[in-house]
Amino acid sequence: MDALNQLLASGQHKDLLAIVKGFRNGAVYGAKIRFPHALVMTFLFRRTDLKSMAKSILKLTYQHSRNLAVFVTIYKSLLLIQRKIKGFEHNADSFIAGIIGGYIVFGKNTAVNNQIVLYLFSRVAMGVARLAIKRKVIPKPKNSFPVFAAVTWGIVMWLFRHDRDTLQPSLQSSMQYLYNDSDHFDNFKNWLWHNK
């Protein structure tokens with residue numbers, strides 16, 4: 001163990017060791033994020049035996065954890081390769097590594113990948129808007145969040161009402177429960193106690 005600690009403290013092979021730690025961090029973070037989410041969603045919405053529920057929770061957690069670990073490994077490896085080839089890191093290197101890693105790891109449309117990519121897309125859209133303001137491409141709008149929220153809700157409600165099949169199935173299900181199922185009742189029990 002002392003030899004390993006000396007190697008780690010020496011700074012030798014730091015780039016390669018950082019890739020290994022990145023893999024580890026991706027695996028740990030993916031598990032930390034997905035396990036509680038899968039646990040809650042499975043117990044709330046799946047009606048099956050405990051063994052099947054446990055398998056599903058572990059499968060989703062493994063997919064999320066593995067995908068983040070592999071993505072971090074590919075991304076950091078590609079950054080290192082580009083830097084070694086050119087002798088420096090170019091501004092576009094992270095974009096290129098992200099595109100390649102994103103395609104390889106998140107290119108298959110699974111439930112886990114879909115959630116991760118949609119989560120990222122919303123954050124990227126906000127980041128691009130803030131970047132445009134920061135770089136003075138557009139002026140900072142006043143009261144932009146209320147307008148953003150209003151337009152987002154207006155669009156999603158219109159899509160649900162008129163073209164609901166274009167929305168993600170889990171969103172359709174949530175909206176069905178909130179807006180359509182609440183129209184159906186004929187006694188106290190299914191009015192306030194149970195949905196149906």
Side-chain angles (χ1 to χ4, degrees), residues 1-41 55-141 144-145 147-149 151-152 167-171:
M1 190 58 86
D2 287 340
L4 179 59
N5 285 335
Q6 286 177 356
L7 172 67
L8 295 172
S10 73
Q12 292 179 322
H13 311 293
K14 185 170 177 140
D15 291 332
L16 294 175
L17 294 169
I19 291 169
V20 173
K21 184 167 183 185
F23 178 89
R24 176 254 183 223
N25 284 1
V28 169
Y29 190 77
K32 281 183 175 181
I33 295 299
R34 180 57 61 174
F35 181 78
H37 178 267
L39 181 72
V40 170
M41 297 305 281
K55 276 185 174 180
S56 176
I57 292 165
L58 292 175
K59 179 183 174 190
L60 293 169
T61 301
Y62 172 76
Q63 284 178 344
H64 197 138
S65 181
R66 180 201 61 214
N67 288 2
L68 281 181
V70 172
F71 177 81
V72 172
T73 302
I74 291 170
Y75 173 77
K76 290 178 78 69
S77 297
L78 290 172
L79 282 181
L80 177 61
I81 290 166
Q82 291 176 95
R83 191 170 66 244
K84 292 290 184 187
I85 290 170
K86 294 184 278 191
F88 64 95
E89 185 174 323
H90 187 271
N91 196 17
D93 290 354
S94 58
F95 181 72
I96 292 166
I99 284 178
I100 294 169
Y103 184 83
I104 292 169
V105 177
F106 296 105
K108 186 175 180 185
N109 191 4
T110 66
V112 170
N113 285 352
N114 192 282
Q115 285 180 335
I116 293 169
V117 172
L118 287 175
Y119 173 87
L120 282 177
F121 182 78
S122 64
R123 271 60 179 179
V124 167
M126 292 299 290
V128 168
R130 289 184 181 124
L131 181 63
I133 293 167
K134 178 181 172 183
R135 300 248 172 112
K136 303 201 184 311
V137 174
I138 60 171
K140 183 176 182 178
S144 59
F145 190 80
V147 172
F148 170 68
V151 171
T152 299
L167 297 172
Q168 186 183 26
S170 63
L171 179 59

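Just so we're clear, the structure is a prediction, and the values are computed from it rather than from any experiment.
Under the salt bridge (Lys or Arg N to Asp or Glu O under 4.0 Å) criterion, the residue pairs touching residues 4-33 are Asp15-Arg83, with sequence neighbours excluded. The ring pair (Phe, Tyr, Trp, His ring centres under 6.0 Å) contacts involving residues 91-126 comprise Phe71-Phe106, where partners must be two or more places apart or lie in separate chains.
Taking NE2 from His13 and CG from Leu8, the interatomic distance works out to 11.0 Å, rounded to the nearest 0.5 Å. Rounded to the nearest 0.5 Å, atoms CZ (Arg123) and CG (Leu120) are 8.5 Å apart. Interatomic distance, Tyr75 OH to Ile104 CD1, rounded to the nearest 0.5 Å: 14.5 Å. From His64, atom NE2 reaches atom CD1 of Ile33 across 6.5 Å, with rounding to the nearest 0.5 Å. How far CD1 of Ile138 is from OG of Ser144: 9.0 Å, rounded to the nearest 0.5 Å. One finds the CZ atom of Arg34 at 9.5 Å from the CG atom of Leu68 (value rounded to the nearest 0.5 Å).
Pairing each heavy atom of Leu171 with each of Leu167, the nearest pair is CD2-CD2, 4.0 Å. Nearest heavy atom pair, residue Pro139 against residue Ile133, reads O-CG1, 4.2 Å. Scanning all heavy atoms of the two residues, the minimum distance from Ala97 to Gln82 falls at CB-NE2, 4.1 Å.
A 4.5 Å side-chain heavy-atom check between Leu78 and Ile96 finds every atom pair outside the cut-off. Between Lys59 and Lys55 the shortest side-chain heavy-atom distance does not fall below 4.5 Å. Counting heavy atoms from C-beta on, the side chains of Ile57 and Phe35 come closer than 4.5 Å. Side-chain atoms of Leu16 and Leu80, non-hydrogen and from C-beta on, do get closer than 4.5 Å to each other. Considering only heavy atoms from C-beta on, Ile19 stays 4.5 Å or farther from Phe23 through its side chain. No side-chain heavy atom of Leu118 sits under 4.5 Å from any side-chain heavy atom of Ser122. Proximity of Leu7 to Ser10: side-chain heavy atoms (C-beta onward) are separated by under 4.5 Å at one or more points.
Put simply, the side chain of Gln63 never gets that close to the backbone of Val112: no donor and acceptor are under 3.5 Å apart. Of the possible donor and acceptor atoms, none in the side chain of Ser65 sits under 3.5 Å from a partner among the backbone N and O of Gly30. Proximity of a side-chain donor or acceptor of Asp93 to a complementary backbone N or O of His90 within less than 3.5 Å is detected.
Heavy-atom neighbours of Lys140 NZ from other residues, nucleotides or ligands within 6.0 Å: at or below the threshold of 12.
Residues satisfying the side chain to side chain contact (heavy atoms under 4.5 Å, CB included) criterion with Ile85, sequence neighbours excluded, are Ile81.
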